[in-house]
Amino acid sequence: MGHPQPFRIILTMHIHPGREQEFEQTWLRIGDGVTNHPANLGQWLIRSEDEASTYVIISDWVDEAQFREFEQSPGHLEHRKILHPLRASGSMVTGTVLAHLPGAAAT
């Protein structure tokens, strides 16, 4: 039997116009608070090319239970407090990765 599929978090964040660079620098500065968690498999910061001041953050976790534990941790709550003034709005979608089909360029 293979490894269990990761639990994926997809955040969409709309940043106050003019604060994008500050957001990117802040996200990079505090990002190890997520990636240093033993259940985190990695995270990605994506700047939208279609919607101004919009970012997508993807993070993968070993499982939902450990992500939910992290989500309530004092460290994560502190990170949210740091990023909150930069954010105009945001939303979160969660799910389990069912399949990954690598593209031709990945091999």
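- The nearest pair of heavy atoms linking D32 to T35 is CA-OG1, 3.2 Å.
- Under a hydrophobic-cluster definition in which Ile, Leu, Val, Met, Phe, Trp and Tyr are linked whenever side-chain heavy atoms come within less than 4.5 Å, directly or via other members, F70 and L45 are assigned to the same cluster.
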N/O donor-acceptor pairs under 3.5 Å from side chains in residues 82-107, not counting sequence neighbours:
| unit_1 | atom_1 | unit_2 | atom_2 | d |
| --- | --- | --- | --- | --- |
| T107 | OG1 | A104 | O | 3.0 |

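- Annotation: side chain of D60 is not in contact with side chain of F7 (no heavy-atom distance under 4.5 Å).
- Counting only heavy atoms from C-beta outward, the side chains of W27 and Y55 never approach each other to under 4.5 Å.
- Grouping the Ile, Leu, Val, Met, Phe, Trp and Tyr side chains by contacts below 4.5 angstrom, directly or via other members, places I46 apart from I9.
- Of all non-hydrogen atoms in T26 and E22, the two that sit nearest each other are OG1-O, 2.8 Å.
- Applying the ring pair (Phe, Tyr, Trp, His ring centres under 6.0 Å) test to H79 and every residue at least two apart in sequence or in another chain returns nothing.
- Atom CD1 of I10 is separated from atom CD1 of I57 by 12.0 Å, given to the nearest 0.5 angstrom.
- Salt bridge annotation for R47-E20: absent, with no cationic side-chain nitrogen under 4.0 angstrom from a carboxylate oxygen.
- Listed here is the closest heavy atom pair of P17 and S53: CA-OG, 3.7 Å.
- At a threshold of 4.5 Å between side-chain heavy atoms, the hydrophobic network of Ile, Leu, Val, Met, Phe, Trp and Tyr places L11 and L28 in one connected group.
- Counting non-hydrogen atoms of neighbouring residues, nucleotides and ligands closer than 6.0 angstrom, the CZ atom of R80 reaches no more than 12 such neighbours.
- Side chain of Q43 to main chain of V34: no donor-acceptor pair is present (N/O by atom type, distance under 3.5 Å, no hydrogens or angles).
- Shown here are the salt bridge (charged side-chain N to carboxylate O under 4.0 Å, His left out) partners of E51, two or more places apart in sequence or in another chain: there are none.
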